[in-house]
Each structure stands twice: as C-alpha cells, then as structure tokens.
S.K.: 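Just dropping this structure here.
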There are 2 protein chains.
Amino acid sequence: MTDQTECDRLDRRRRAFIEAARELFVRLGYERTTLGEIVDRAGGSLATVYKLFGNKEGILEVVVFEKASSGATLVREAAEKGGTPQEILHRLAVSFQAHFLDPEVVALVRIVIARSVSNKDFARRFFERTATRTLDSLQQLFADWQDGGIELNAPPHILAELFLGLFVSDVHADAISHRVGMDNSLERLRARTQFFVMGSGVLENKNANISFEGSNGL
Amino acid sequence: MTDQTECDRLDRRRRAFIEAARELFVRLGYERTTLGEIVDRAGGSLATVYKLFGNKEGILEVVVFEKASSGATLVREAAEKGGTPQEILHRLAVSFQAHFLDPEVVALVRIVIARSVSNKDFARRFFERTATRTLDSLQQLFADWQDGGIELNAPPHILAELFLGLFVSDVHADAISHRVGMDNSLERLRARTQFFVMGSGVLENKNANISFEGSNGL
DNA sequence: ACAAGGGCGTAATATCTATTACATCTTCGC
DNA sequence: GCGAAGATGTAATAGATATTACGCCCTTGT
C-alpha cells in the first residue's frame, strides 16, 4: 500500500467523480442531480464519494472552483502582446467573450446564483475568485496606461467595472434566456470595444507612448 | 352566494397567498419555501392554494410576473420630461438603478435563473417581459434622437443593449455577491451616464434640437 | 333561521434522495 | 500467494414535502 499507488487509485476515482458531477450539474442543475446518478456515471460507490468530498455540497465546491477562474490571466496575455489600447482591448474582448460565455461557465454561474440564496458564503467566495480578481487586474492595466501618459475619462476602477460589465451583462442575459436570439458576432464585439474606447477616452491619446512596463513608462 | 362576494372572499385569499409567497420566496428561495409555510403565513388552507394556483409552480409564476415589469414605462417617463440627452439619460439611470436593484427584484431574478435550468420556457417568458421590452423601448428612444438629427456612434439597438447592460451587470453582481462592497453612489451613477454619453457620441451634438416628438422633430 | 356551497384544517399518501451501515471483494506491497 | 487496508455494492435509515382526500364549519343570500 504505497502512498503513491493508493493516491493514484483514489485520484483516478476522484477525477471520475468530478467529471461526472460536472457534466450532470451543467445539464441538470445541482438540485436535480442525485449522488446516485453521479456514482452510476463515474463508477465507484457512494461510500467513496462521501469519503472524498464529505457531502453533496463538497463535490459542488470542487467542481465549481476548479472551473471558475478569474480573467486575470487573459488580461495579462492580451496586454503582453502590446499594440495600441484599441488593439489590446479588442483582443481582451475576444478572449473575455470566449471565456465568460462558455456554456459550461454559464451553467455553473446559474448554479452559484441559485445556491447563493442558501449559502451566501459560497457565492461570495466565487465572486471573489472570479469578478473581483478580474476587476483588480483590469484596474491595474488602466492605471498603468494612465501612468504611461494616457488620459482617461474616469478613474481606472470605474473603467474596469465598465469594461467587465460589457461581458457580464451578456452572461446574465444568457443565464436567463438560454441564448434566445443571442448574437455573438465579431461585429457586435467590435462595436462594444469601440464604444468603450470612445467612452473611456483612450482614443484621444493616439500618439501616447504605450509601453506595458507600466508605472515606469515615460 | 353572489358572485361578487364569492369573488371578494377568494380574491382576498388569493392576495394573501401571493403576498406570503412572495415574502417567503424572496427570503428563502423557491425550493426552500414550502407550501405549508405559505399557508401558515397567509391563513387559509392547502386545498385552496391548489384550487387557486394548480400547484407550487403556479403560484411562483403569479408572484414573479406580478413583480417583473419592463423598464419601458421608466423610459417613457424620463423622455417626456425633456431636456438634453445627458439629462434624460441621467434621469433614466437613476430610475433604472432604483428599479433593477430593488432587493425584491434581485431575489426574484435569482429564482428565475435557478428555475431556468429545469423550466426554460418560464425563464424565457420572464426575459421577454422584462429585458426585451426594455430594450425595444430604449432602441426607440435612440432612434427618435437619431431621426431628430443627433448623430450616434452606433446603431440604436446596439446602444440600447449597452445602456441597459450598465445596469444588468450590477444586477448580476448583486445576485451573486449579495451586495458585498457594492457602491451605488450618485457619483458612480454619474460616471456611468457620462461614460455612455461619451461612448455613444451624443455629446458631440450639443446644439442639436432634441424634441421628444422624435421622428418629426427638427 | 335555514339550506348549501365552499373554504378550512387535518391527516394520509407517495416519492424522492441525502446519508449511513455493513458485509464483501480488490488491490498491492511483501 | 498472503494479509490487510480500503474500495465497492447494496440495502436500510430518515426526513422532507408536494399533492390528494375528506369531513367539518362558517359565510351568505333568502
């Protein structure tokens, strides 16, 4: 009974449970998914589920937090490629849309909102790990631009909220309407980026030196 | 047994059930509210609930659709008072915020999203009666402005989505985070309106004649 | 006061599912 | 092969609640 092999065996089970649970949670929601179904799909047994996750809520936590990541990485990636603010913002818009409107992500958001009624702390932690972090990261980006000499129409944290809001509102609509008549065309995305560019004021800084080293730029 | 009195008696019961149900749904959510609790609070009996609403879902529908109204009225009211586009938009922002961030409305939105998994049609109808109608009404407002000679940076339907999105994203954040660190100050609201004004391009039409008769203006 | 229709209250039904208990079988190092 | 740790499968527990059934009592109009 080497720890390693034991670990492997349990880990494989664990993975199987998580995959099965995610698939079912996404399709049926949390309440309508029974532990029995998860076991049927993943193999193994109820006893093991309880050993690994404690209870039903435990497996939900693992599933949700495994999938829910902040957009901070996306912000960094988009910024590192350089270019004008418009270019950076558009790249960011593309990856934000792909990330936030991923049907699995939307389905999990639905579940988190549903559970937020009886388990506020759970929802709050989710919010922290996704929205709050993304906001911080966006705010930093805009602050860096500002330090680099770009004049903005509003403080960075306000702009961060507004930019993220462009996508959050879509997630919300999707969560309710289940994609009735949703248009995710590139044209629409471009219009939004353009709108943000105009509203934030970065357009008026066409010739500003934008180095992403940020605060020490200029 | 005049129809009138019968009607009154039943109607009063009906009202009591609806009020009790709403209060409980808002506080506990749909699943955790039992019909027994509703009856305890409203008086009357289970049998009457079933006679009036058919089943548990029936009473939810009544509660939700009674409270969920579109913002079309708000749009009309804000526009009728006249003024510059900035003024109109700011008035609209104030009433949108009050309407959409009403805690009862947010709580019902949570419920609709939760139920949208198992009852897509319900959620879709809700979306139609709220978001879609509000969007149409906003689009009309912007189209009227455009017809009145104001140049806009984007088509009216895109702008309508963007403006509504400013508030929807707040509803979404509220729905998940339950108002952790939410700032609904007037300053913030003003910044948003200003942002929209800049992004949409209406600022560049300072001297345009804006009569709300719309298409026949100018 | 009366007759009756209909709401009231209670209890029974019926199902569903999280959670626990337990005996059995696998796996894995030795 | 062996022995033990632990996963497995099954079944029992236990509590909750939507929904139905039914007999009583009150309201109401004459």
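Order of the sequence lines sets the chain letters (A, B, ...), proteins ahead of strands, with each chain counted from 1. Keep in mind the model is a prediction, meaning the values are calculated, not measured.
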S.K.: Select base, sugar-phosphate, or nothing to describe what B/Gly43 touches, counting heavy atoms under 4.0 Å on all strands.
M.R.: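 Touches nothing.
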S.K.: NZ of B/Lys56 versus P of D/dT20: gap in Å, rounded?
M.R.: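 It is 15 Å, rounded to the nearest whole Å.
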S.K.: To the nearest Å, give me how far apart CZ (B/Phe53) and P (D/dA18) are.
M.R.: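 For the pair B/Phe53 CZ and D/dA18 P, the rounded distance is 15 Å.
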S.K.: Looking at B/Thr48, does any N or O in its side chain come under 4.0 Å of the phosphate oxygens OP1/OP2 on C/dC8?
M.R.: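 Yes, within the criterion.
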S.K.: To the nearest 0.5 Å, how far apart are CG in B/Leu60 and CZ in B/Phe65?
M.R.: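 B/Leu60 CG to B/Phe65 CZ: 9.0 Å, rounded to 0.5 Å.
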S.K.: Please round to the nearest 0.5 Å and tell me the distance separating atom CZ of B/Phe53 and atom OG1 of B/Thr48.
M.R.: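 The CZ atom of B/Phe53 sits 10.0 Å away from the OG1 atom of B/Thr48.
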S.K.: Please list, by residue number, the residues of residues 16-41 of chain A whose heavy atoms come closer than 4.0 Å to an atom of DNA chain C; answer none if no residue qualifies.
M.R.: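 Hits under 4.0 Å, by residue number: A/Thr33, A/Thr34, A/Leu35.
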S.K.: Would you give the length of the straight line joining atom OG1 of B/Thr130 to atom CG of B/Leu108, rounded to the nearest 0.5 angstrom?
M.R.: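 Here the rounded value is 11.5 Å.
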S.K.: Report yes if at least one side-chain N or O of B/Arg13 is closer than 4.0 Å to OP1 or OP2 of C/dC8; otherwise report no.
M.R.: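 Yes, B/Arg13 has a side-chain N/O under 4.0 Å of OP1/OP2 on C/dC8.
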S.K.: Does the A/Asn153 side chain pair with the main chain of B/Phe195, one donor and one acceptor, at a distance under 3.5 Å?
M.R.: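 Flag not set: sc A/Asn153 to bb B/Phe195 has no pair under 3.5 Å.
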S.K.: To the nearest Å, how far apart are B/Glu57 CD and D/dT17 P?
M.R.: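 The distance from CD of B/Glu57 to P of D/dT17 comes to 17 Å, rounded to the nearest Å.
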S.K.: Measure from CG on B/Leu46 to C1' on D/dT20 and round the result to the nearest Å.
M.R.: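 Result: 10 Å.
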S.K.: Should the ring pair B/Phe96 and B/Phe163 be called parallel, tilted or perpendicular, given that the plane angle runs from 0 to 90° and is split at 30 and 60?
M.R.: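 The arrangement is tilted - the two ring planes meet at 30° to 60°.
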S.K.: Side-chain donor-acceptor pair under 3.5 Å between B/Asp136 and B/Gln140, yes or no?
M.R.: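 The answer is no; no qualifying pair exists.
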S.K.: Rounded to the nearest Å, what distance is computed from the CG atom of residue B/Leu52 to the P atom of nucleotide D/dT19?
M.R.: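 After rounding, the gap between these two atoms is 15 Å.
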S.K.: Could you give the CG-to-P distance, from B/Leu10 to D/dT27, as a whole number of Å?
M.R.: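 Spelled out: CG on B/Leu10 to P on D/dT27 is 15 Å.
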S.K.: Could you grab the distance from atom NE2 of A/His178 to atom CZ of B/Arg124, nearest 0.5 Å is fine?
M.R.: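 One gets 7.5 Å once the value is rounded to the nearest 0.5 Å.
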S.K.: Take atom NZ of A/Lys51 and atom P of D/dG6, then tell me their distance rounded to the nearest Å.
M.R.: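 Those two atoms, NZ and P, are 6 Å apart.
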S.K.: What is the distance from OH of B/Tyr50 to P of D/dT19, rounded to the nearest Å?
M.R.: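 To the nearest whole Å, that distance equals 4 Å.
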